[in-house]
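Residue numbers count from 1 along this sequence.
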Amino acid sequence: GEHDHLARNVEEILVEFAVERHRPFGEAHILDHQPFVGEQCQSSLRRGELCAVANDPLALLLVDDHEAVRETTAALLRDLGHRVRAACDGPTMLEMLKAAPADYDLVVTDYAMPLLSGGEALLRAREIRADLPGLIISGYAEAQSIEHKPADVAVLTKPFAPGDISRLIAELCPAAK
């Protein structure tokens, strides 16, 4: 059922960065596990490649309706060196953004959510701040069918390795490199 799928989802994300979570925070560290590489998401990250912590921490606004997934993703993003504020749904994220539109460098959102999809939430976010970068995290089946979103947002398919999201954030926010 729905909860089995969610449990697997959380487990996949946790497995991806369990190794990094228990490491002292540093400028960079070596991955000592092989990240998941699915056909849909070819990763150039390989064993031993450096996974650098961001030089310039960004302020990220994270949106996910599942608490466990939200907390896991927030922990990963913080481990990568970023500051994270989290919202449980699209409308909450939009309220946070309206209250302080200049405070965020990037919105990271789940795609499938009950009140507003991640794509719709980002379209509305652009009405508040036109230049705000966005990243949608999606299950593979959904990734093919995401149409209702700003043209220039990135889509990352689950499961993913820390290096994958780190690279995308650097591409979306070049100042952070």
Side-chain angles (χ1 to χ4, degrees), residues 1-10 12-13 16-17 36-43 54 58-78 80 82-176:
E2 167 70 18
H3 290 295
D4 294 341
H5 173 71
L6 174 61
R8 278 201 306 279
N9 210 352
V10 173
E12 282 170 353
I13 296 171
E16 288 312 323
F17 72 100
F36 176 92
V37 182
E39 286 182 86
Q40 76 273 19
C41 181
Q42 284 300 327
S43 165
L58 298 171
L60 307 183
L61 187 45
L62 172 67
V63 196
D64 199 305
D65 58 308
H66 289 301
E67 186 179 7
V69 177
R70 188 170 65 243
E71 287 179 2
T72 303
T73 308
L76 165 58
L77 293 168
R78 288 186 183 111
L80 291 171
H82 301 296
R83 295 188 307 281
V84 182
R85 292 199 63 202
C88 59
D89 56 36
T92 304
M93 178 273 285
L94 293 168
E95 287 305 313
M96 291 167 72
L97 188 60
K98 270 182 201 150
D103 281 9
Y104 302 101
D105 298 306
L106 171 68
V107 174
V108 179
T109 179
D110 184 37
Y111 178 66
M113 296 186 291
L115 299 172
L116 283 177
S117 74
E120 183 65 46
L122 287 173
L123 286 167
R124 297 199 192 176
R126 289 286 175 85
E127 292 168 13
I128 300 166
R129 206 182 112 197
D131 66 339
L132 187 66
L135 170 58
I136 293 172
I137 297 175
S138 163
Y140 179 52
E142 302 157 3
Q144 307 307 304
S145 60
I146 296 176
E147 289 168 2
H148 202 55
K149 65 174 180 62
D152 57 349
V153 304
V155 178
L156 179 63
T157 53
K158 292 181 276 200
F160 55 85
D164 298 326
I165 195 164
S166 188
R167 236 185 338 271
L168 268 179
I169 290 171
E171 286 168 20
L172 290 165
C173 307

Point to revise | With Asp89 via side chain to side chain donor-acceptor pair (under 3.5 Å) - residues at least two apart | key: Thr92
Practice item. Tell me, yes or no, whether the heavy-atom count around Arg85 atom CZ, taken from other residues, nucleotides or ligands under 6.0 Å, exceeds 12. Key: no
How far apart are the closest heavy atoms of [X] and [Y], and which atoms are they?
| X | Y | value |
| --- | --- | --- |
| Leu80 | Pro162 | CD1-O, 4.1 Å |
| Pro133 | Arg126 | CA-NH2, 4.1 Å |
| Tyr111 | Ser138 | CB-CB, 4.1 Å |
| Leu123 | Lys149 | CD2-C, 3.8 Å |
| Asp65 | Ala112 | OD1-O, 3.6 Å |
| Gly118 | Thr109 | CA-OG1, 3.6 Å |

Check your understanding: So, Lys98 and Glu95, do they make that salt bridge, N to O below 4.0 Å?
Key -> yes
Check your understanding: Is the closest basic N to carboxylate O distance between Arg83 and Asp103 below 4.0 Å?
Key -> no
Under 4.5 Å between any side-chain heavy atoms of [X] and [Y], yes or no?
| X | Y | result |
| --- | --- | --- |
| Leu116 | Leu94 | yes |
| Leu61 | Leu132 | no |
| Val107 | Met96 | no |
| Met113 | Val63 | yes |
| Leu77 | Ile165 | yes |
| Leu135 | Leu60 | no |

Hey, is the main chain of [Y] close enough, under 3.5 Å, to the side chain of [X] for a donor-acceptor pair?
| X | Y | result |
| --- | --- | --- |
| Thr73 | Val69 | yes |
| Arg129 | Tyr104 | yes |
| His148 | Glu120 | no |

Exercise for review: Might you work through the side-chain contact (heavy atoms from CB on, under 4.5 Å) test for Leu168 and Phe160, ending with a clear yes or no?
Suggested key: CA-CA 11 Å; Leu168 268 179; Phe160 55 85; over 6 Å; no
Rounded at 0.5 Å granularity, tell me how far [atom1] in [X] sits from [atom2] in [Y].
| X | Y | atom1 | atom2 | answer |
| --- | --- | --- | --- | --- |
| Asp105 | His82 | CG | NE2 | 9.5 Å |
| Leu97 | Ile128 | CG | CD1 | 4.5 Å |
| Arg167 | Leu172 | CZ | CG | 12.5 Å |
| Met93 | Leu62 | CE | CG | 10.5 Å |
| Cys88 | Asp64 | SG | CG | 10.0 Å |

